[in-house]
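Each remark here refers to the structure printed beneath this line.
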Amino acid sequence: MTETVTQPATLGLLSAVERRQIERLRFAPRRRFAGRVRGERISRQKGHSIEFSDFRDYSVGDDLRRLDWSILARLDRPTIRTFQDEDDLAVYVLLDCSASMDFGTPTKHDVARKAAAAFGLIGLLGQDAVYLLELGHAGRRKARALRGRGNASAVDRWASNSKATGSVGLADALTQFAYSGNYRPGLAIVISDGLDAAARQAIRAVGARGHEVLIVQTLSALELDPEMEGDLRLLDSESGDVVDITAHSEVVRIYKENLNAHCEDLADAALKSGGRYMRILSHESVVDVCVRELRRLGALEQS
């Protein structure tokens, strides 16, 4: 008799189970940001009440529960009601697409793409303004804001189609984001391996421009514990530089110390700019680790 194996339902990069894990979560930034469009994020300030504020035109992704049906019936114009003491949080999903991310099994970029899809969906479900940006590719246009669960498929397509072929380093890409002048302060989620010597300064630059930085460092288990021995030729996937080394236990020990110091430096840069840091390895369950770690850090809350 042939046994039928039921595959888990998937909707793009995230399975139905993973979507349920994040269905009622939203981001909990440490600081308050001034919103350009009223959203559904209730202000933490005490002494205020939620009262009607104003009307604005409907945009794709808005919560239909806020639609004013009487105006629609009279004027044939979809209009959204907005309320006082609700903030529109800008959530920037910054996905590292540089060539160094194409390493490991699965690759670091595969992990990063799935994390990006999850974070984008959390922002949409929380009625935040979600901006999707690829780091590593030159000449990218300004991202537009996405709102509401109606844009979930757009987030998934963006993450699914992402390729780790960029030639711009992480530090340069983050610095360009920080000083572009295109984006108001918000929650900047940097999903990257972080393997750039100048990353610390770039993270601090993003924080100095008013953003709250969340570093999600994705690494391969082989990078943390390399199995190297003998004469090796190392190739930098971004610059093309070649280095010949002789690997032995002392070389591996020094490598691990330097890598750990660099990771600690990234975490310190995030914390000193008022942000947070977490790490995920390429063989781990992406959504499980992200939800667990970010809830532990206080970066996610129940909606």
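Below, each value reflects all heavy atoms present in this structure, side chains not excepted, and no hydrogens, waters or symmetry copies. The shown structure was predicted, so the numbers you read here are calculated from the model rather than taken from an experiment.
- Counting all heavy atoms, side chain and backbone alike, Ala173 lies closest to Gly136 at CB-N, 4.0 Å.
- Here the straight-line distance linking atom CD1 of Ile22 with atom CD1 of Ile122 works out to 4.5 Å at 0.5 Å rounding.
- Residues forming a side-chain hydrogen bond (donor to acceptor under 3.5 Å, both in side chains) with Thr107 (at least two apart in sequence, or on another chain): Asp110.
- One finds the CG atom of Leu294 at 9.5 Å from the CG atom of Leu25 (value rounded to the nearest 0.5 Å).
- Atom CG of Asp288 and atom CD of Gln21 lie 4.5 Å apart (nearest 0.5 Å).
- Between Leu174 atom CG and Ser192 atom OG the span is 7.5 Å, to the nearest 0.5 Å.
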- prompt: Going through the checks in order, is the side chain to side chain contact (heavy atoms under 4.5 Å, CB included) test met by Val91 and Leu124?
  reply: CA-CA 9 Å; Val91 175; Leu124 293 180; over 6 Å; no
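- When all heavy atoms of Trp158 and Leu95 are compared, the pair lying nearest together is CH2-CB, 3.7 Å.
- Residue Tyr179 is found outside any hydrophobic cluster, as its side-chain heavy atoms come under 4.5 Å of no other Ile, Leu, Val, Met, Phe, Trp or Tyr.
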- prompt: Run the side chain to side chain contact (heavy atoms under 4.5 Å, CB included) check on Leu67 and Ile80 step by step: do they pass?
  reply: CA-CA 5 Å; Leu67 198 64; Ile80 294 292; 4.0 Å; yes
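- Lys108 has its side chain within reach of Leu195: a pair of non-hydrogen atoms, C-beta onward, lies under 4.5 Å apart.
- Panel note: side chain Tyr131, backbone Leu94; no donor-acceptor pair is recorded below 3.5 Å.
- Between Arg184 and Ala129 the shortest heavy-atom distance is NH2-CB, 3.7 Å.
- Clustering ILVMFWY residues whenever any of their side-chain heavy atoms sit less than 4.5 angstrom apart, transitively, puts Leu271 in a cluster other than the one holding Phe27.
- Using a cutoff of 4.0 Å between basic side-chain nitrogens and carboxylate oxygens, Lys163 and Glu134 are not scored as salt-bridged.
- At a threshold of 4.5 Å between non-hydrogen side-chain atoms, the residues Tyr255 and Glu223 count as touching.
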Compile the donor-acceptor pairs under 3.5 Å between side chains in residues 197-209 and protein atoms, sequence neighbours left out, one pair per line.
from: Arg200; atom 1: NH1; to: Asp265; atom 2: O; distance (Å): 3.1
from: Arg200; atom 1: NH1; to: Asp265; atom 2: OD1; distance (Å): 2.8
from: Arg200; atom 1: NH1; to: Asp268; atom 2: OD2; distance (Å): 3.1
from: Arg200; atom 1: NH2; to: Asp268; atom 2: OD2; distance (Å): 2.8
from: Arg209; atom 1: NE; to: Ala178; atom 2: O; distance (Å): 3.2

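- Of the candidates Glu264, Gln217, Glu293, Gln217 is the only one forming a side-chain hydrogen bond (donor to acceptor under 3.5 Å, both in side chains) with Tyr277.
- Side-chain atoms of Asp156 come within 3.5 Å of backbone N or O of Leu13 as a donor-acceptor pair.
- Counting heavy-atom neighbours within 6.0 Å of Arg144 CZ, excluding the residue itself, gives a total of 12 or less.
- Electrostatic pairing of Arg19 and Glu23 does not count as a salt bridge here, judged by no charged N lying under 4.0 Å from a carboxylate O.
- Between Phe103 and Asp193, every side-chain heavy-atom pair lies at or beyond the 4.5 Å cut-off.
- Considering OG of Ser162 and CE of Met101, their distance stands at 8.5 Å, rounded to 0.5 Å.
- Side-chain N or O atoms of Asp196 include one that pairs as donor or acceptor with a backbone N or O of Leu170 at under 3.5 Å.
- The number of heavy atoms from other shown groups lying within 6.0 Å of CZ (Arg24) does not exceed 12.
- Within a 6.0 Å sphere centred on CG of Asn258, heavy atoms belonging to other residues, nucleotides or ligands number more than 12.
- The shortest heavy-atom contact between Ile215 and Ala270 is CG1-CB, 3.8 Å.
- To the nearest 0.5 Å, atoms CD (Glu284) and OG1 (Thr218) are separated by 11.0 Å.
- Under a hydrophobic-cluster definition in which Ile, Leu, Val, Met, Phe, Trp and Tyr are linked whenever side-chain heavy atoms come within less than 4.5 Å, directly or via other members, Leu222 and Leu219 are assigned to different clusters.
- At distances below 3.5 Å, at least one donor-acceptor pair connects side-chain atoms of Arg30 with backbone N or O atoms of Gly275.
- Not a single donor-acceptor pair under 3.5 Å links the side chain of His109 to the backbone N or O of Thr165.
- Contact check for His283 versus Val111: no side-chain heavy atoms found under the 4.5 Å cut-off.
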task: Tell me, with the steps shown, if Val168 and His137 meet side chain to side chain contact (heavy atoms under 4.5 Å, CB included).
output: CA-CA 6 Å; Val168 180; His137 298 299; over 6 Å; no
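- Closest approach of Ala221 to Ser282, counting heavy atoms only: N-OG, 4.1 Å.
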message: As a quick check of understanding, evaluate side chain to side chain contact (heavy atoms under 4.5 Å, CB included) for Leu89 and Arg26, giving each step before the final call.
response: CA-CA 11 Å; Leu89 173 67; Arg26 69 174 185 174; over 6 Å; no
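- Within the 6.0 Å centre-distance limit, the rings of Phe177 and His211 are counted as a close aromatic pair.
- Looking at every heavy atom in both residues, Pro185 comes nearest to Ala90 through O-CB, 4.2 Å.
- Judged by distance alone, the side chain of Asp128 and the main-chain N or O of Val130 form no donor-acceptor pair under 3.5 Å.
- Using a 4.5 Å heavy-atom threshold, the side chains of Arg279 and Leu224 count as touching.
- Between the Arg276 side chain and the Leu214 main chain, no donor and acceptor come within less than 3.5 Å of each other.
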